Amino acid sequence: MDDRRVGVYVCHCGHNIAGTVDVEQVAEWAQRLPYVAVARHFQFMCASTGQELIEEDVRELGLTHVVVASCSPLMHEKTFRNACQRAGLNPFLFAMANIREHASWVHPNDRDGATAKAKALISAAVSRVLRQNELEPIRVNIHPATLIVGGGIAGIQAALEIADAGHHVYLVEREPSIGGHMAMFDKTFPTLDCAACILTPKMFDVGTHPNVTLLTYSEVENVEGFVGNFQIRVRQKARRVIEDLCTGCGTCWEKCPIKVIDEVFEAGLGYRKAIYRPFPQSVPKYPVIDVENCTYFRTGKCRMCEKSCPAGAIDFDMEDRIIEFEVGNIILATGYKLFDCRRIPQYGYGRLPNVYTSLEFERLTNAAGPTGGKVTLRDGETEPKSVAIIHCVGSRDRNYNRYCSAICCMSSLKFAHLVKEKTGAEVYNFYIDMRPIAKEYEEFYHRILEEGTHFIRGRVAEITDAAHTAEEEGKTIVVAEDTLLGRQRRIPVDMVILAAGLEPQADAAEIGRMFGVGCGTAGFFTERHPKLDPVATMTEGVYIAGACQGPKDIPDTVAQGAAAAARVLGVISQREVTLEPIRASIDESRCSGCRICNALCPYNAIEYLEAEGVSRVNAAMCKGCGTCVAACPSHVITGAHFTFEQVMAEIDGIMVDVYSESPTAPLAEIMA
Amino acid sequence: MSDNRSFKPVIVGFLCNWCSYRAADLAGTSRVGYPATLRDIRIMCTGRLDPTFVLRALQRGADGVLIMGCHPGQCHYQEGNYKAIRRVALLKRMLKQFGIDERRVQLHWASAAQGVLFTETVSKMTQELQALGPLDWPHNWPNEDPYVYTLPKTKQEAAHEQQT
């Protein structure tokens, strides 16, 4: 016996819906749809009185399905699902018709059109809800450990937050030391406190924390599983230094005869040895052997480091180590890469000797850098008497990146201050717009203005060494239109600093695929919601923090690191997590084993069972996108809550007034 | 082609949950108007779009079908929209053989922030369909045609039909 009884509730939303849609007529009309036991209209369905109306009707009229026609389901679906649940109805026997955002608000001058559309949407919801099934949320246990990828300031902050809360963290870093870009900087804006002074204590804490397993010189090779239960495989590259024996004394790199230009930490301005650690405060303190440049690995001779090591810690035969472990949550904090200034040939970087990138200047001005903090030209001696700083290099430029890199205004101001402080040179900042937008940033801008830095508003057209006048001879000339004066200017300077933009890491897309995180048009990782869920991703249990999500400065990065950690701690403390039951499942008795669905799944959630000759969906890995459902040639994959029947019924329902002439349409007659 | 401004086409829309449905919501919250020709159905991803959904909509009397998803590279399920591109391309090839103008089935992108783009897409398609005129496909399908798919009817639905 079919005893389905649907309740339809049409919301006025004050004047928002009722002002355009004839809600009374719509409710009266809905009353005549098949299976509809009651159709009401009410001032505010989301108010407690509206919700109680539903609850009462479910109890007293024995409703089996509920339809609310009001706002977007993204707004209040949860509210009404909860109301159904309170009344003892499975929350998935509820459907919503969006007659506010999709009808009344967008057709304000078309009352008939909006009313007809509201009817169609309600009819679709009724037709669909009749075919909806009871569903139970999926529950999975949470492994309490966390994987953090990337040991920059975002990863460090997140690791400390979680470890201090008493949970285990695996921190994986690609380079031999943690610290990231921040470790390369000298001063940080706007307070001008020294980066190392505030960063190294945190690095030390991470290195010694009992709850942190630090895996440097390592990369994640494989991720399997789902929220609560990820299986991780990490490859730790061979340091060729035995960590248990090494004391970090430094004898090996003092004795090493090979000097190599340090492209990573010193941005190509300084040297390191073939056995090295990136910087004195490296965590961990152990060096690594650079196999490509080491004499022993190239010729079979030398072994100077081995001979000189008092602890006998050198092991040339060491091999890569594969480490496997389980975690419940993952935080990606993989950071950014600097825009390659060579891509703008007219700026002369790599061709004109005294054009520097921002990172090069950071090293130049760093007391622990290649010049000991002395700001000099490429000859290593001459102090510049005039310096130009170019903002927005590779940012806000439709030829390269359209977005604003967020940090360059402030770091350019910082450079202006440091140049003035260290050399007393004249400083020219070429900017498009000044965007010092955070706390105390505007004040810092004014401080730099008062220091006498020249600000020229205009994008630089060219940086050249072709002198027009005697005054320009031997100088680097910056050519730009001063848009405030309205004329071209040529400013000869000794040194040019290009404030290069921030870009996603070169392998961000690859990393994203491994962890099931998408990348936006610019290539940064996509958050779950740009405003309301900025550190979560579409993959449950995978969070993002720092510049891998988009360009940001240190305070924002630290805030995101802590935010991601808080989200992870929240999940851990729940011990188990519930997942939306919108999942695919395969009727194995009818599966032909064609395996078309296997390769289509973006999450590798479908496995092929060799013995049975059929495919099976791992419900916890499935995200419910439904691409396999659409592709199955035998129509035996069901996408829960978006089944073939449900969508087809929705189409029939939505077209009910148009298709009224056909006798086969189940809802047709009522429209007369 | 007739310039039939009074003709109000019916467009069935399939909007993905993450981008285009939110774009439609944004059009609403920012009160950007568009013709009341679109009747939209939310699916989780354009990758869920079974091409038979489109055929069903046309068979039920839609003058056009508008499928909208996230921009390429921005799919919340990584690559569902790429699958939609391929499926819609094949479907359109088939529809062409049925004599259906390819402007009647359109695939577009709108991010959650592109409410205005969403309304422009609907308006433009409405104008195109107005120029094309009604499709009126149901009348071209004899009801006894065994290849027309009908949903299995529930007992009550059958009973209801008999009553009226």
Side-chain angles (χ1 to χ4, degrees), chain A residues 2 4 34-35 72-75 98 100-103 105-110 113-114 116-117 120-121 124 130 512-513 516 518-521 526 530 538 582 600 602-603 623-627 629-631 639 642 644-645 647-652 654-655 658-659 661-666 669, chain B residues 8 10 12 17-18 21-22 24-29 31-45 47-53 56-57 60-62 71 73-80 83 87 112-113 119 138 143 148-157 159-161 164:
Chain A
D2 193 344
R4 292 179 290 178
Y35 300 100
S72 170
L74 303 174
M75 183 105 174
N98 185 350
R100 191 180 72 176
E101 281 86 342
H102 291 196
W105 276 352
V106 284
H107 313 308
N109 304 318
D110 185 1
K117 185 168 176 180
L121 294 176
L130 284 166
R513 259 195 298 282
C519 295
T521 29
T526 311
M538 282 309 299
I582 298 177
L600 278 177
Y603 303 100
K623 308 280 182 295
C625 69
T627 192
V629 186
F642 288 88
F644 183 75
E645 260 216 308
V647 181
M648 282 299 204
E650 204 171 346
I651 299 167
D652 287 4
I654 220 164
M655 295 302 290
V658 180
Y659 197 63
E661 285 161 57
S662 164
T664 54
E669 300 81 3
Chain B
K8 286 200 175 116
V10 175
V12 171
N17 179 54
W18 303 102
Y21 193 87
R22 286 158 203 244
D25 276 3
L26 180 64
T29 43
R31 312 295 204 280
V32 187
Y34 55 91
T37 48
L38 181 79
R39 302 171 172 200
D40 58 277
I41 290 172
R42 181 168 64 120
I43 50 181
M44 291 308 277
C45 175
R48 173 67 185 93
L49 186 90
D50 189 325
T52 51
F53 294 168
R56 179 68 156 197
R60 291 273 146 172
H71 284 277
Q74 293 190 349
C75 175
H76 280 258
Y77 300 105
Q78 298 186 24
E79 50 195 32
K83 286 159 190 156
R87 288 171 186 156
T119 63
N143 286 324
V148 175
Y149 179 89
T150 43
L151 279 174
K153 256 172 271 168
T154 58
K155 279 181 204 160
Q156 186 118 3
E157 272 168 355
H160 184 81
E161 223 165 74
T164 46

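First the proteins, then the strands, lettered A, B, ... as listed; each starts at 1. All of these numbers come straight from a predicted model, not from anything done at the bench.
Using bins of under 30°, 30° to 60° and over 60° for the plane-to-plane angle, the ring pair B/Y34/A/H107 lands in the perpendicular bin.
Interface residue B/R87: only side-chain heavy atoms are found under 4.5 Å from chain A. If you measure heavy-atom distances from A/K623 to chain B, the contacts under 4.5 Å come from both the backbone and the side chain. Heavy atoms of A/I582 lying under 4.5 Å from chain B belong exclusively to its side chain. Using a 4.5 Å cut-off between heavy atoms, A/L121 contacts chain B through its side chain alone, with no backbone atom that close. Residue contact with chain A, scored on non-hydrogen atoms closer than 4.5 Å, involves the backbone and the side chain of B/T52 alike. Of the two parts of B/I41, the backbone and the side chain both hold a non-hydrogen atom closer than 4.5 Å to a non-hydrogen atom of chain A. Using a 4.5 Å cut-off between heavy atoms, A/A103 does not touch chain B at all. Proximity to chain A (any heavy atom under 4.5 Å) is restricted, for B/V12, to the side chain, taken from C-beta onward. At a 4.5 Å heavy-atom cutoff, the contact between B/H76 and chain A is made by backbone and side-chain atoms alike.
Neither side chain, B/D40 nor A/N98, offers a donor N or O lying under 3.5 Å from an acceptor on the other.
Shown here for B/Y77 and A/Y603, the closest heavy-atom pair between the two residues is CA-OH, 3.1 Å. The minimum heavy-atom distance between B/R39 and A/A120, with the atom names listed, is NH1-CB, 3.6 Å.
Between the side chain of B/K83 and the backbone N or O of A/T627, no donor-acceptor pair lies under 3.5 Å. B/R60 places no side-chain N or O within 3.5 Å of a backbone atom of A/I651 that could act as its donor or acceptor partner.
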*asked:* Let's go through B/M44 and A/V629 carefully: what are the C-alpha distance in whole Å and the side-chain angles of both, what is the deciding distance for side chain to side chain contact (heavy atoms under 4.5 Å, CB included) to 0.1 Å, and is it a yes or a no?
replied: CA-CA 12 Å; B/M44 291 308 277; A/V629 186; over 6 Å; no

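Contacts with chain B were tallied for A/R100, A/M75, A/H102; A/H102 has the most, counting heavy-atom pairs under 4.5 Å.
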